[in-house]
Amino acid sequence: MAISTTVAICLGAYFLIPAMLYLLVPRDPTIHPRKRAIVLVLGDIGRSPRMQYHVLSLVETGFLVDFVGYTDTAPLQSITENPDIKIHEIKPAEKLSLPRGLPFIVVAAVKVVYLTKQLYQILRSLKNAEYLLVQNPPSLPTMFVCYIFSTFISRRTRYIIDWHNFGYTVLALKLASEKNMLVRISKWYEHWFCRYAFAHLCVTKVMAEVLVRDFKINAFRIIPLPDRPAIQFQPLSVETKANLFSTSRIFSEFNPATDRLVITSTSYTPDEDFTVLLDALSHYDSSSTLEKPLPKILTVVTGQGPLQEQFLCEVSKRSWSNVQLRTVWLSAEEYPVVIGAADIGVSLHLSTSGWDLPMKVVDMFGCGVPVIARNFPALSELVVSNRNGLIFNTSDDLAKQLIDVFTTPQLLRTIQKGAMVECSNRWSEMWRITAGPVFHIPNREDLTEVESSSSSDDE
Ligand SMILES: *[C@@H]1O[C@H](CO)[C@@H](O)[C@H](O)[C@H]1NC(C)=O
């Protein structure tokens, strides 16, 4: 009898205590029933297409996403209108009003402290997310804050870096020297703090090799995830194209029957040398003679950025009769349509490190538009000469290639076909297969394998 009472009490306690704990202990409100991911970019969300695609892919696979960054330009509608995505604004340090005449290093330090404080506060309010995906560069102060956050504040959060480039090479270009003390410190900083990440995504295979060789990161933790065109970049139908040419202000002086449309998109940064394009256009212009006239070219330059004034000033010095150039700023919705209307795209992107690839080329391929691209080491992972585009080193090469493309229909057709092949290879599929496993998302093949093997077990 004593034994059965003891057993009864034990059994009662065994079931009752957890049940009471479950009812009485307040639940941690920050743990959500759905998986959460934070996506962080210390840059303008609207001008960070790759981070936007990450966000959409995470949401597509069931995550709630907190998207942290500057909010100068509007991101895609599919992001702003999605109830599963919450945008958290970082206030740019440029808006701080500091007394004039302070030395560069003091201004930089104040800005870093200002950003660190903001990032820390935002991240702390998002504690306990499963993942924190961060764009690099900029690495200062993001890498440090993410390290503190994932190691001390929110230990269940897995911190993942998406490498678009290396912060120190961008800084070296800005300061015009590799040996500058700041560049060395920034390189050390990047080397040191990237080790605390759980995994690394990066944009090219050569970049993955550099991360293993120079940054001593375990290759097992690195996943090359090349940019792929997102769904809004599609070849235009004949009607859409005709409609665009007849209605858009950009094409008021453009005759689609005889003229050719060249497009280039830019953020007017020092890694793009515009003189090359302008010289090539001048060369093209002067190559058109009465006996052998070349088609007229309209060159549309889209984008915004620091060197735009300088570019416009250089353009105003040129006078062409067979070439027209227009600069425009397009919304995220207009951009794919104007790109899609082009006969050919031009990429002037000259990577600061040589290890990243221009997103605009990927976008152009998404629209089935072939690309003439400036040569640099990683480019061959994307553009293959005479298959989906052409590759140039000098402005003379570019001029000659423009002439070739617009006088040899066979060549244009071949590379257009190649661009259409690229076009069928899309971001969300690629993301699911390569990045998915990092976020514990099974890819479709695995799922179908499980299904088919379990059904074969039944037989
Ligand atoms: C550009 O330079 C590379 C190597 O320096 C060379 O292989 C390639 O043929 C050049 N391209 C053109 C169009 O001259």
Side-chain angles (χ1 to χ4, degrees), residues 165-166 169-170 172-173 176 178 203-210 213-214 224 226-227 260-266 269-289 292 294-295 297 299 301 314 318 320 322-323 325 342-365 368-422:
N165 206 333
F166 299 110
T169 59
V170 175
L173 186 79
E178 275 258 3
V203 292
T204 58
K205 292 186 196 120
V206 266
M207 192 178 268
E209 285 162 18
V210 174
R213 193 182 61 224
D214 294 355
D227 286 322
R260 296 289 178 266
L261 177 59
V262 175
I263 193 141
T264 183
S265 91
T266 178
T269 45
D271 62 358
E272 301 196 344
D273 183 359
F274 275 96
T275 332
V276 175
L277 175 67
L278 297 180
D279 287 348
L281 291 176
S282 293
H283 187 149
Y284 183 93
D285 191 63
S286 60
S287 302
S288 181
T289 56
K292 284 180 90 181
L294 293 170
I297 292 185
T299 307
V301 181
E314 271 195 56
R318 317 251 171 173
W320 297 312
N322 221 20
V323 171
L325 187 143
D343 291 294
I344 199 145
V346 170
S347 164
L348 299 169
H349 179 94
L350 199 59
S351 163
T352 56
S353 59
W355 297 309
D356 63 328
L357 285 169
M359 186 79 176
K360 59 194 143 214
V361 174
V362 176
D363 297 341
M364 287 165 186
F365 282 163
V369 173
V371 178
I372 307 184
R374 178 125 196 221
N375 196 16
F376 66 88
L379 187 70
S380 59
E381 287 184 34
L382 187 60
V383 181
V384 182
S385 202
N386 290 313
R387 171 126 38 101
N388 53 25
L390 297 166
I391 298 174
F392 70 94
N393 301 311
T394 63
S395 60
D396 284 350
D397 295 347
L398 176 56
K400 187 173 165 300
Q401 288 167 353
L402 285 172
I403 296 170
D404 282 352
V405 161
F406 294 143
T407 54
T408 331
Q410 182 54 40
L411 174 63
L412 186 58
R413 263 201 301 276
T414 306
I415 57 179
Q416 269 166 346
K417 246 187 226 153
M420 288 304 281
V421 172
E422 294 293 327

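Ligands are counted one by one from 1 in listed order, and the atoms in each one are counted from 1 as well. The residues of the chain are indexed from 1 along the displayed sequence.
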Decide whether S282 and D285 meet the rule of one side-chain donor and one side-chain acceptor closer than 3.5 Å. no
I344 and I415, any side-chain heavy atoms less than 4.5 Å apart: yes
Look up atom 5 (O) of ligand 1 and tell me if a protein heavy atom lies less than 4.0 Å from it? no
In terms of atom number and element, which parts of ligand 1 are under 4.0 angstrom from non-hydrogen atoms of N375? 1 (C), 2 (O), 3 (C)
For a side chain to side chain contact (heavy atoms under 4.5 Å, CB included) with F376, tell me which candidate from I391, N393, L350 qualifies. L350
With heavy-atom distances below 4.5 Å as the criterion, would you say the side chains of Q410 and T414 are in contact? yes
Would you say I391 contacts ligand 1, with heavy atoms under 4.0 Å as the rule? yes
Can you tell me how far apart CG (L412) and CG (D404) are? Round to the nearest 0.5 Å. 11.0 Å
Taking atom 11 (N) of ligand 1 as the point of reference, which of N393, T394, L398, D396 owns the nearest heavy atom? N393
Going by a strict under-4.0 Å cutoff (protein heavy atoms only), does atom 2 (O) of ligand 1 have a neighbour on the protein? yes
